[in-house]
Structure formats: structure tokens, C-alpha cells
Amino acid sequence: MTLYDTIGVGYARNRRPDPRWSAIIHHAIGNAHTILNVGAGAGSYEPEDRAVIALEPSRRMIAQRGARAAPVVQGVADAMPFPDQSFDVALAVLTAHHWPDATAGLAEMRRVAARQVIVTWDPGLFAERFWLVRDYLSVEDPDDLFAGRRIASQLRNVRTVPLPVPHDCTDGVFGAYWRRPEAYLDAHVRASISGLALADPAIVQPALARLEADIRSGAWHRKYADLLDVEELDLGYCVLVGEG
């Protein structure tokens, strides 16, 4: 039983790849022919025109992979069953923070592929810029467990590519609904956001009650009126590209 065997509900429905994020991620992958998608989940952002192998530990997530998804091997990031340098690119999309041994997993990505493409985020920027975390959940000291800078420190020749969140983002990540606050009141939406699904209900439920009250009274729309005409927002999501 893995973490996502417990919380991996509705990911194929709520976490649909956003085409704008796909374009950025696929540009980072470049002209690679062989790709390993580590912690692949339901298969988001796997290029359909390349030779892709998925590595995923959760049976529940594997079951949500579509008929056109890449072949999948059940396994974990820190013990990949592949020879050295057997892929052009190792891809990991919003998964490294869940690995039991992220240092070992990142080392394995370097071992099996010449380039590493990792989608992650900067928790400090996220807590500073995202109203739900800053003003409702009141997170003052976010845990940056192998996110952003910590992952970058494990890679070589790393460069960072920002991933701004469109206001109508189809990938229901934590920050996806920054201009659609009503979505956070939907339990099915929250179930597909690990940061909320795993959070202490004693913190989350009062925050959601305040949010619901502010939406109904119009207070949310008055307070965040400057966001309502913004097309995309930088919440600290990014692509880290390592070489070598």
C-alpha cells in the first residue's frame, strides 16, 4: 500500500494536463527519443510521439492510466529497475516531494538518464503569493521538503523555467483555482490535491468555512478584485532541467 493507493482518487478526472504547461515541459524535454516518467501517476505530460516508459508505485494510479498511456512498470524512484543511461530524459512531475528517499530517487534519475526534467515549486513563493495558503490556512513557515531549491541542489548544470498558472488551468494542482475560489469547497477537487488531502482537518475545515462565508458575502471578490482580470499567476511552480 503506497500513499497514492490511499489518496489517489479522481486524478485522471481532476488532474488533466494543461496544454500551456505541456508546451513548456515538452520544450524542456527537447528532442529526446526515450523518456522515463518517474512517479508517473495517471500519465500527465507524457509525450505521445516518443518512446516513453512510466514508473509508478501505486496500483490505484496505474489503474487510472488511459488506454493510450505509455507502458508502465510498477516500482519506486529510489530503486529503478533500469540500466545506467538507458533513457535520454528522466521526467518527474510534482512527485519528488512524496518519495520516501528523495535524495536516492534524484540520484537514480541522474543514473538512468543524461537529462532530468522535474516539475516542482518554491514553497516560500507559494505561501507568499497564494491567498488560500497565506490568508486562510495561515502557513507562515512552509515545509520545502525536496521542493524547488533542495531538488536543484541534487542536480547538475541546472536551469529553472517558470510555470505560471493560467486562470483556467485544467491541471487541478493546489494553486490551479486561484481565480476560481469556489472550487476549493468541492471535496472531490480537494481529494486530488495532496497538500489538502493530507493536511490536518483541524486546520483545513475552519479555513474552508471562512472561505465559503467570504465567497457568499462577496468579501473574497472585493478583497482579491485585482486578480479577477489576471490571465496567469506565478505561484512558484517551475521546471528544473538538469544535465549530466
Side-chain angles (χ1 to χ4, degrees), residues 4 11-12 14-56 61 64-66 68-72 77 80 87-99 102 105-106 108-110 112-123 125-126 146-152 154-178 192-195 231-244:
Y4 274 84
Y11 268 66
N14 296 329
R15 300 293 295 270
R16 292 172 290 119
D18 187 273
R20 291 147 294 193
W21 277 25
S22 289
I24 295 171
I25 294 168
H26 292 178
H27 185 266
I29 290 172
N31 60 0
H33 297 292
T34 56
I35 300 164
L36 174 66
N37 188 14
V38 184
S44 292
Y45 303 106
E46 293 174 355
E48 296 183 355
D49 59 345
R50 318 290 177 86
V52 179
I53 297 293
L55 182 70
E56 169 57 45
M61 297 303 292
Q64 295 180 66
R65 296 177 64 83
R68 298 179 60 185
V72 61
M80 298 185 190
F87 299 91
D88 297 324
V89 166
L91 172 68
V93 179
L94 295 173
T95 177
H97 57 291
H98 287 310
W99 298 348
L106 293 166
E108 282 286 84
M109 289 183 72
R110 296 197 309 271
V112 302
R115 183 187 306 158
Q116 304 81 41
V117 176
I118 301 174
V119 178
T120 182
W121 79 100
D122 182 320
L125 287 179
F126 192 71
F146 281 94
R149 288 185 291 273
R150 289 194 184 185
I151 290 178
Q154 306 293 311
L155 304 177
R156 301 189 181 106
N157 304 311
V158 67
R159 59 187 175 90
T160 303
V161 182
L163 269 181
V165 184
H167 74 92
D168 55 352
C169 185
T170 62
D171 188 340
V173 296
F174 197 163
Y177 307 102
W178 58 267
S192 299
I193 299 172
S194 63
E231 294 298 311
E232 61 181 25
L233 194 63
D234 184 354
L235 295 176
Y237 291 100
C238 61
V239 182
L240 300 178
V241 184
E243 302 278 357

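Because the structure is a prediction, the values reported are computed rather than measured.
The side-chain contact (heavy atoms from CB on, under 4.5 Å) test applied to Glu48 returns Arg68, not counting sequence neighbours. When the salt bridge (Lys or Arg N to Asp or Glu O under 4.0 Å) test is applied to Asp88, no partner is found at least two apart in sequence or on another chain. Evaluation of the side-chain hydrogen bond (donor to acceptor under 3.5 Å, both in side chains) rule for Gln116 yields no partner, not counting sequence neighbours.
Contact detail for Ala96 and Ile151: the closest heavy-atom pair is CB-CD1, 3.8 Å. When all heavy atoms of His97 and Ser194 are compared, the closest pair comes out as NE2-OG, 4.2 Å. When all heavy atoms of Val239 and Ala28 are compared, the pair lying nearest together is CG1-CB, 4.0 Å. Minimum heavy-atom separation, Trp178 to Val165: NE1-O, 3.1 Å. Contact detail for Pro162 and Ile24: the closest heavy-atom pair is O-CD1, 4.1 Å. For the residue pair Ala54 and Arg65, the shortest heavy atom distance occurs at CB-NH2, 3.4 Å.
The CG atom of Leu36 sits 6.0 Å away from atom CG of Leu55, with the distance rounded to the nearest 0.5 Å. Distance check: Met109 CE to Trp99 CH2 gives 5.0 Å after rounding to the nearest 0.5 Å. Ile29 contributes atom CD1, which lies 4.5 Å from atom CD1 of Ile35 (distance to the nearest 0.5 angstrom). Interatomic distance, OG1 of Thr120 versus CG of Leu163, reported as 10.0 Å (0.5 Å rounding). For the atom pair His26 NE2 and Leu91 CG, the distance stands at 7.5 Å (nearest 0.5 Å). Once rounded to the nearest 0.5 Å, the distance linking CD of Glu46 with OG of Ser22 reads 11.0 Å.
For the pair Glu108 (side chain) and Met80 (backbone), a donor-acceptor distance under 3.5 Å is present.
Sequence neighbours left out, the pairs with a member in residues 233-243 that pass side-chain hydrogen bond (donor to acceptor under 3.5 Å, both in side chains) are Arg115-Glu243, Arg129-Asp234. Counting only residues at least two apart or on different chains, no salt bridge (Lys or Arg N to Asp or Glu O under 4.0 Å) pair has a member in residues 27-44.
Heavy atoms from other residues, nucleotides or ligands lying under 6.0 Å from CG of Asn31 number 12 at most.
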Extract all donor-acceptor atom pairs below 3.5 Å that involve side chains of residues 166-177 and protein atoms in other chains or at least two apart in sequence.
unit_1 : atom_1 : unit_2 : atom_2 : d
His167 : ND1    : Arg179 : NH2    : 3.2
His167 : NE2    : Glu231 : OE1    : 3.4
Asp168 : OD1    : Arg20  : NH1    : 2.8
Asp168 : OD1    : Arg20  : NH2    : 3.1
Thr170 : OG1    : Arg16  : O      : 3.1
Thr170 : OG1    : Pro17  : O      : 3.1
Thr170 : OG1    : Asp18  : N      : 3.4
Asp171 : OD1    : Arg15  : NE     : 2.8
Asp171 : OD2    : Tyr45  : OH     : 2.7

Kindly indicate, with the supporting measurements, whether the criterion side chain to side chain contact (heavy atoms under 4.5 Å, CB included) is fulfilled by Val38 and Val112. CA-CA 11 Å; Val38 184; Val112 302; over 6 Å; no
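Between Arg50 and Val89, the closest side-chain pair of non-hydrogen atoms is not below 4.5 Å.
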